[in-house]
2 protein chains.
Amino acid sequence: MVKLKDIADVAGVSIGTVSKALSNSHEISIKVTKKIHKIAREMGYIANSQARSLKTNRSYNIGVVYIDKSKAGLKHEYFSTMLSSIQETLRIKGYDFTFISNLVGTTKHTLLSHARYRRCDGVIIATADYDDPEIHQLMASDMKVVTIDHDFPNRTAIMSDNNIGLGKIVDYIYKLGHTKIAFIHGEMTQVTKDRLESFKTACQRLNIDIPQAYIKQADYHLPKQSGIATRELLSLDEKPTCIIYPDDYSFMGGMTEIEKHGLSIPNDISVVGYDGIYLSRILRPTLTTYVQNSEEIGKQAALKLINHIENPKEFISERITITGKLQKGHTVKDIKNTF
Amino acid sequence: MVKLKDIADVAGVSIGTVSKALSNSHEISIKVTKKIHKIAREMGYIANSQARSLKTNRSYNIGVVYIDKSKAGLKHEYFSTMLSSIQETLRIKGYDFTFISNLVGTTKHTLLSHARYRRCDGVIIATADYDDPEIHQLMASDMKVVTIDHDFPNRTAIMSDNNIGLGKIVDYIYKLGHTKIAFIHGEMTQVTKDRLESFKTACQRLNIDIPQAYIKQADYHLPKQSGIATRELLSLDEKPTCIIYPDDYSFMGGMTEIEKHGLSIPNDISVVGYDGIYLSRILRPTLTTYVQNSEEIGKQAALKLINHIENPKEFISERITITGKLQKGHTVKDIKNTF
DNA sequence: TTGTACGCGTTATCAA
DNA sequence: TTGATAACGCGTACAA
């Protein structure tokens, strides 16, 4: 690997001059700068990020925590889109990223020590179990962190609008005449609590009474569980006229079950999803769902973190909510005038 | 950040002793070693990977090339599963990874220079445009590389069994009486060529004549395109009795189109997918598809690369094929005895 | 405008 | 068994 010294020897200047010239320092004459750039190019010089980092205390490397118990992680379009967006944003800004985990190997690491070991300039927590002590150790440290869909004191958080999404859904389906609304929600995370809250608030506001049997739980992204919940709902004496699913993917499990019962969407029963995955626009009828702007969420997380890193003095923690929008597909029937 | 020197001062030994003790060198007495470990723990010492790497010329960081023109990249379950598996395997072995791209930032990079800049010990090419000159630059270098689903001379390649998958599919559906078989294949990559070859060979062997109109192209993972191809196939005078799709996800586009024509799967028309995504087992009827073992592919790629890195002397390039298996779902009708 | 020299935190070699 | 010291490649304060 050719290094500064090699270039210096060829150019007949000192190693310091080369370093300055390559970073286009105004200290060096344009003539010498050009010459050194040329030689460096010809010799195939590539800087050593590690040596640079050692000196500057900046790695231009961001740690990303992306831990998902269910192992669905990357398969979940909400997260994979977000991750793509994070990567692309970081890339444009000249940053790389490393997945941070409890690294096994020669040394066992915690999330924090792993991030420190790699000298990450900062960390984005895309998804994780926020009760994990390792997360708290990380949040309690001086590491610069941005969290997604969960907020910690004095930390910047990028949130999807879980506090209003279900409200918008309920408003819409109520306008189409539905009052027997079932809600299958995901496992009890902060996100789920927000959505449930949003759901209940909207129902109260509209004076809709939701029996306990209409509220079910099925883990996110596990269509089988949503299928089971659907079956239970369909076996009730008083069936709901509309079922809201934890996410679009889970809806697939419900769809299968609904068809098995010989029912048709939306004529016999209406359904609503959450996320707005690509497939929701491909299937016919197109799914009515709440589209989360995961791309923007990822982008903002990356930008806010970089800003914190590059302008530490100006840092003030923020709580940014990225709003989504209702995709009015064709899976909710207008039953207002049908009675 | 506490460093070796800090520990040395506290322990009253030299910095070299601390370094050796922490790596459990036999040069250092057990007593001193224990003491130093204890102090290090108490002081919260975390090594600096960059300084270490500078000295050892090993970064324990693997570059992963994961470039997808269609941007579906992470959303494609075949690749996302593979990537998860790569990450998990690397993690257990004590390696991190960095996505390698034509990094923009202060300096523009090629894939190779990016990998060198980060001092990657090796690179896994998970998916990329193999015609890209940057890929060839990378392959022509002395960087240790393992490729997936594409092989280069003197390089280890992990391949899915694209050369036999379609043969197995054709054998199966032929046994159920199908001879009017349409094949919608993906865009023309090496993978596609292998599959097409496998398809044609099997048809010839079984004396099945496939009219040109039965061979269609639709980009992978774009259900809309497969939907269009399906529509064209269904409008033929002599409709196929079975359609093979580029992948399970693309099948969704076909399914929608088939239902729009008032046809039912598999009674009116049979279908087969490729990949074996999770959803293929959720939908009813369960999809008949060829399951690629993407988890094993990712694992082997990581293991082979690490082996090359850690035992460079013993390296011999290999071409490893990971076999998949036919998932016999319920989307292919037995029409053998129906005539 | 250019050069010199030191230090970033390690590991490795050699001497004690 | 331990210590002193020289690298690794780069950036930078200071000297020339």
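Sequence lines set the chain letters: A, B, ... in the order given, protein chains first and strands last, and positions in each chain run from 1.
In summary, contact between chain A and DNA chain C, defined as any nucleotide atom under 4.0 Å from a heavy atom of the protein, begins and ends at C/dT1 to C/dG9 in the 5' to 3' direction.
In this structure, B/R91 is not positioned above the aromatic face of B/Y95 in the sense of NZ or CZ being under 6.0 Å from the six-membered ring centre and within 45° of the axis. B/Y60 carries B/R58 over the face of its six-membered ring, with the cationic atom under 6.0 Å from the centre and within 45° of the normal.
Neither side chain, B/S160 nor B/D149, offers a donor N or O lying under 3.5 Å from an acceptor on the other. For A/H114 and B/D96, the side-chain atoms include at least one donor-acceptor pair closer than 3.5 Å. Remark: the A/N154 side chain and the A/S317 side chain contain no N/O donor-acceptor pair separated by less than 3.5 Å. Counted by atom type alone, A/Y117 and B/R52 present one or more donor-acceptor pairs between their side chains at under 3.5 Å. A/T110 and A/E134 share no donor-acceptor pair across their side chains, judged by distance under 3.5 Å alone.
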Base-contact (B) and sugar-phosphate-only (S) positions in nucleotides 8-16 of chain D, heavy-atom cut-off under 4.0 Å, - elsewhere: BBSBBB---

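A/K38 has a carboxylate O that lies under 4.0 Å from a charged side-chain N of A/E42, or vice versa, which qualifies the two as a salt bridge.
Over its length, the helix from C/dT1-D/dA16 to C/dA16-D/dT1 turns its helix axis by 40°, as judged from the five terminal pairs at each end, rounded to 10°.
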Test salt bridge (Lys or Arg N to Asp or Glu O under 4.0 Å) applied to B/D121 and B/K144, step by step: CA-CA 7 Å; B/D121 291 337; B/K144 297 180 177 69; over 6 Å; no

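Classified by interplanar angle (parallel below 30°, tilted 30° to 60°, perpendicular above 60°), the ring pair B/H76/B/F79 is perpendicular.
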